[in-house]
Structures are given as structure tokens and as C-alpha cells.
Amino acid sequence: MDLIAEGIVQAFQLLIHGDPEMVRITLLSLAVSLSATAISLIIGITLGTVIGLTRFAGRRFLVSLINTGMGSPPVVVGLIVSIILWRNGPLGILHLMYTPYAIVIAQCVISLPIITGFTMASIQQIDPKLRLQLVALGASRWQLLWLLVKDTRLPLLAAVMAGFGSIISEVGAAMMVGGNITGQTRVLTTAIVMEVGKGDFGLAVALGIILMALVYLVNLALTIVQQRSKPR
Amino acid sequence: MKLLGTLWGSASHFLSGSIRRPRTFISRHAIAPLILLLTLVLVMAGCSGTPSNPELIMASTTSTGDSGLMDALIPIFEEETGYTIKPIYVGSGAAMTMGERGEADVLLVHAPASEVAFMQAGHGTNRKLVMHNDFVFVGPAADPAGIKGTASAVEALKKIAAAGAIFISRGDDSGTHKMELSLWTKASIESEGQTWYQESGQGMGATLTIASEKDAYTLTDRATYLATQENLSLDILVEGDPVLLNIYHVIQINPNKSDKINADGAEAFADFMVSDEAQEIIRTFGVEEFGQPLFFPDAGKTEADLGSV
């Protein structure tokens with residue numbers, strides 16, 4: 001228990017002194033996971049809307065794959081992305097292994113099914129009569145899509161929270177494809193694993209507290225946005 | 001932070017935008033976050049060095065990372081040569097596999113028998129002795145197997161096996177694990193599968209923590225033990241047997257493996273590790289903090305000079 005107290009004290013010390021290494025690690029965690037969430041959001045909302053609104057052969061199979069992907073183990077994603085990004089792998093020519101981009105890619109793969117799945121489910125729960133009514137009122141194809149997506153913004157924000165939450169806190173993929181390199185790819189979760197390995201539990205707890213505070217702040221911002229708009 | 005704030009501002013605006021202007025949503029609201037994202041990506045890309053191929057992947061063992069030695073050496077090397085090192089800390093076995101596949105340019109490893117096979121197979125072009133320290137047996141102060149003071153490492157293992165005391169093995173094909181396995185072989189003991197023999201599958205630091213929590217014995221390199229001992233309730237019980245020498249070599253990976261190998265960088269790093277400057281840092285590293293050196297520099301020596309073979 002004294003380690004947790006020590007960790008809390010150390011977390012405040014790091015924050016008050018604005019320890020440059022801590023700031024860099026925290027900002028990188030945030031930048032990487034926000035970028036990955038943003039990319040997943042663009043692809044996932046599109047994909048989820050299309051799958052949610054259309055019927056095609058193999059749809060049920062695809063949906064089952066997406067639902068399975070919502071629980072894909074980060075360490076397996078990390079392994080597969082590593083094999084692809086290794087310099088002698090299929091995309092090795094891009095020189096992305098052990099860079100923040102590699103972590104963004106792996107985290108996109110992890111969060112994409114979550115955001116796609118949430119979008120799909122929330123689009124499907126809209127009353128089909130609304131769609132007919134909008135068409136009857138003369139909405140164009142794009143206007144219809146936009147209005148439907150807008151109508152699901154509350155569950156979509158939940159999707160953002162779930163997607164972001166799953167990747168800011170994952171460590172397996174970030175460790176494998178990023179390599180936990182000082183000043184380059186060290187993020188909060190990999191730094192925590194490293195400090196535990198070094199036996200510096202106080203610092204590990206301190207970094208853990210900073211990570212949890214960060215997740216809280218981002219979710220608080222999202223919650224404010226979500227609850228500001230009145231549900232209809 | 002300002003950038004991120006703007007990003008979120010746009011994103012929230014995008015998501016909670018009014019339905020009055022459905023036709024303009026793509027041009028107005030979707031493009032801003034995209035541009036910001038692109039900027040973020042470009043900012044993250046903005047770094048480069050002096051050599052034509054400045055990026056160098058060094059695969060090393062967890063002990064050089066967990067003890068902090070490489071954190072002391074790498075910045076000096078990077079400043080002097082302009083290379084950017086990506087250190088990847090894995091077990092010696094995994095480091096050599098990375099080298100074999102051309103996924104690393106240079107190795108700093110400590111598994112001499114495997115290294116010789118690695119060189120004979122043509123995976124490396126140059127192998128230099130850098131430094132040594134030693135392995136020690138650590139365990140609870142109560143010492144249920146009574147190994148304290150035993151001069152021979154093999155005898156100590158026999159006592160642990162006879163007492164059925166818990167022994168934590170790295171179990172990860174690292175240099176330390178290979179050393180431990182060779183000692184069991186020398187002791188003619190089949191440790192695998194015994195209830196008292198447990199594999200952690202993790203790095204040295206984590207394995208020491210597990211041994212400490214379980215009041216168990218383990219084999220560790222001295223550097224990692226000294227660097228982490230304040231959180232451990234483990235004592236050094238057996239040390240000094242010549243077979244326990246822990247010898248580190250730097251190996252340049254054969255550039256014939258792949259045109260992506262940074263041979264110049266690997267050579268620069270190998271030369272740096274045996275330079276007077278690096279050797280002096282190795283000699284004094286940890287003395288101030290732990291009262292004794294963690295590593296002993298050995299540039300120019302052979303394994304025979306150290307007496308391990």
C-alpha cells in the first residue's frame with residue numbers, strides 16, 4: 001500500500017515539475033491514440049453506416065467478423081502488424097516499424113471494429129420509418145445519410161469513448177510495434193511495463209495515475225459534448 | 001496541446017452540428033479535422049540526422065536496458081556520430097533471431113555458445129568482446145536449500161533440486177536462461193516439469209520480483225540485481241564460480257542478408273562500444289549509486305583471458 005501512496009506523491013511531483021520526459025510520453029500517448037481514434041472514426045463510421053443500411057450476401061458473416069474484432073487481442077494485432085512492417089516484410093519499404101506511426105496503425109486496427117460495430121448497431125436501431133419519412137420529405141441521398149448519422153451521435157460518442165479507451169490503455173501492440181524507444185515511441189503504457197521490469201514500482205504507479213487522469217479528462221470532454229445535445 | 005484542443009473543438013462541432021446546413025457539412029466540418037490530423041502526422045515526421053542512413057536498430061538483452069547502462073551510452077554515441085539508435089530490449093535468443101532475419105543491424109548479447117554458432121552460420125560479420133559481469137544465485141535470506149557459500153554453481157543447483165525449493169527460471173531463451181540451462185545439464189538434473197521449477201517467461205527485472213514474492217531462488221546477472229535490489233527481499237547466495245561469468249559481445253549483422261542492413265552504422269556502434277570513451281563509462285557506471293561497478297570493460301581481450309573457457 002505504501003507504494004500507492006508513494007506513487008501518488010510521485011505523480012504530483014512529476015506534474016508540478018513538468019518533468020520533460022513525462023510530458024513527452026504523455027503527449028505522445030495522447031497524440032498517437034487520438035490520431036488512431038480519428039482515423040478509425042472516419043473509416044468506421046463510413047463502414048458501419050454502409051453495413052447498417054444495406055443488405056448483401058455475406059453480410060451476416062461480415063458482421064460476425066466485426067463483432068469478433070471488437071475483442072481482438074492487442075498483442076496479436078501487434079504481432080501481425082510487426083510482421084507486415086518489419087523491414088523485410090511486405091510494407092517494410094515504408095520504414096514504419098518502431099515509429100509512432102506503427103503504433104497508430106496497430107491501434108487503428110484495434111479500434112476500427114469497435115467503432116464500426118457501434119455505428120452499425122446504432123444506425124440499425126433507428127426506426128426504419130424515419131428513413132422513409134426523410135425520403136418522402138425530399139432528402140437527397142447524402143442529406144439522408146447525414147441526418148441518420150447525426151441522429152445516432154449519442155451512441156457514436158459512446159463509440160469514440162470505447163474506441164479511445166481501448167487503445168490508450170493497450171500495451172501489447174504498442175510495445176511490439178513501437179519498441180518503447182526513449183524519446184521516440186515510449187508511451188505511458190509501455191513506460192509502465194518498463195518501470196515494473198526495472199522494479200521501480202513507485203514511478204510505475206505514478207505513470208499509471210497520470211494515464212488514468214488522462215483517460216478521465218478525455219472522457220469528461222466527450223461526456224460534456226455528448227450530454228450537451230438534448231436527446232430527442 | 002493547442003492543436004489537440006482545436007482538433008477536439010472541430011470534432012465536437014462536427015458531431016453536434018446543426019441540421020440547418022446539411023449541404024455544407026463535408027466542406028466545412030469534415031475537412032478541418034482532416035487537415036489537423038495531417039499536420040499532426042507531419043509534425044511527428046519532422047526529424048532527421050547527418051549520416052545518409054541515420055537509423056540503426058540495436059537488439060540487446062534486457063539486462064543492458066533494465067540496468068540503465070545503455071541509457072548512459074546511447075546519447076553519447078548519437079551525439080558523436082549523428083546516428084539515431086532504436087534499441088530493442090529482448091532476450092539474447094530473440095535478439096539473435098532478429099539479426100538472423102535482418103531485422104536488426106547490430107547486437108549486444110550475452111550467450112557466447114549460441115553466438116559462436118550464429119557467427120559460424122554466417123549471420124554476423126564481426127564479433128567483439130565488450131564487457132563482462134557475472135551471474136549470481138539469489139534467494140531468500142532463510143535459504144531453505146542451504147546453498148549459501150557453496151563455491152560451485154552446479155553443487156548449488158543440486159542442493160536446490162534435492163530440497164525441492166522453488167526455482168524461478170526466465171524460460172525465455174535469453175542469455176541468462178541459456179546459462180541456467182547449461183548449468184542444469186552440467187548438474188545432470190532434469191529440472192523441466194518438476195513442481196518446484198517454474199518459468200516466468202519475462203525479463204530479468206520481472207523475474208526477480210516474482211522470485212522475491214515467492215521466496216524462491218533464481219539466477220540473475222549481477223547488474224540487474226544491484227539495480228533493482230531495493231525492492232527485493234533476495235540475497236546473493238552463490239557467486240564467484242568461473243562458469244558464472246556473463247560475457248557481452250557486440251556483433252555486426254552480415255550486410256549480405258538484406259540491402260536494408262545499416263552496415264556503416266553497425267560498424268560505428270561496434271567501434272564505439274570498444275572505444276576508450278565507452279569503456280570508461282562502462283567501468284564507472286553504477287559505482288556512485290551502488291558502491292560497486294555493474295559491468296567490467298574488456299575491449300581487446302578474449303574469452304580465454306577471462307578464464308571462462
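Please read these numbers as outputs of a predicted model, since none were measured by experiment. Each chain gets a letter, A, B and so on, in the order its sequence line appears, and its residues count up from 1. Side chains included, hydrogens not; waters and symmetry mates left out as well; all remaining heavy atoms used.
- Only the backbone of A:D200 comes within contact range of chain B, with heavy atoms under 4.5 Å apart.
- Note that OH of A:Y98 and OG1 of B:T84 are 16.0 Å apart. Values are rounded to the nearest 0.5 Å.
- Looking at B:K86, its side chain never comes within 3.5 Å of a backbone N or O of A:I181 through a donor-acceptor pair.
- A search for side chain to side chain contact (heavy atoms under 4.5 Å, CB included) contacts involving A:L134 returns A:L130, A:A139, A:L144, A:L147, A:L148, not counting sequence neighbours.
- When each of B:T228, B:I88, B:L232, B:T209 is checked for heavy-atom pairs under 4.5 Å with chain A, B:I88 comes out on top.
- Counting heavy atoms of neighbouring residues, nucleotides and ligands inside a 6.0 Å radius, atom CD of B:E79 does not exceed 12 of them.
- More than 12 heavy atoms of other shown residues, nucleotides or ligands fall within 6.0 angstrom of atom CG in A:L220.
- In the displayed structure, A:Q125 atom CD is contacted under 6.0 Å by more than 12 heavy atoms of other residues, nucleotides or ligands.
- Taking the charged nitrogens against the carboxylate oxygens, A:R87 and B:D259 have no contact shorter than 4.0 Å, which rules out a salt bridge.
- When side chains are defined from C-beta on, A:N180 does not count as touching B:Y89, because their heavy atoms never get closer than 4.5 Å.
- Only the backbone of B:I85 comes within contact range of chain A, with at least one heavy atom under 4.5 Å from a heavy atom of that chain.
- Counting non-hydrogen atoms of other residues, nucleotides and ligands closer than 6.0 Å to CD of A:E21 gives a total above 12.
- Put simply, the side chain of A:N88 gets close to the backbone of B:R101: a donor and an acceptor are under 3.5 Å apart.
- Formation of a donor-acceptor pair under 3.5 Å by the B:E103 side chain with backbone atoms of A:W86 is not found in this model.
- Listed by sequence position, B:G65, B:D66 are the residues of residues 60-67 of chain B in contact with chain A, using a 4.5 angstrom heavy-atom cutoff.
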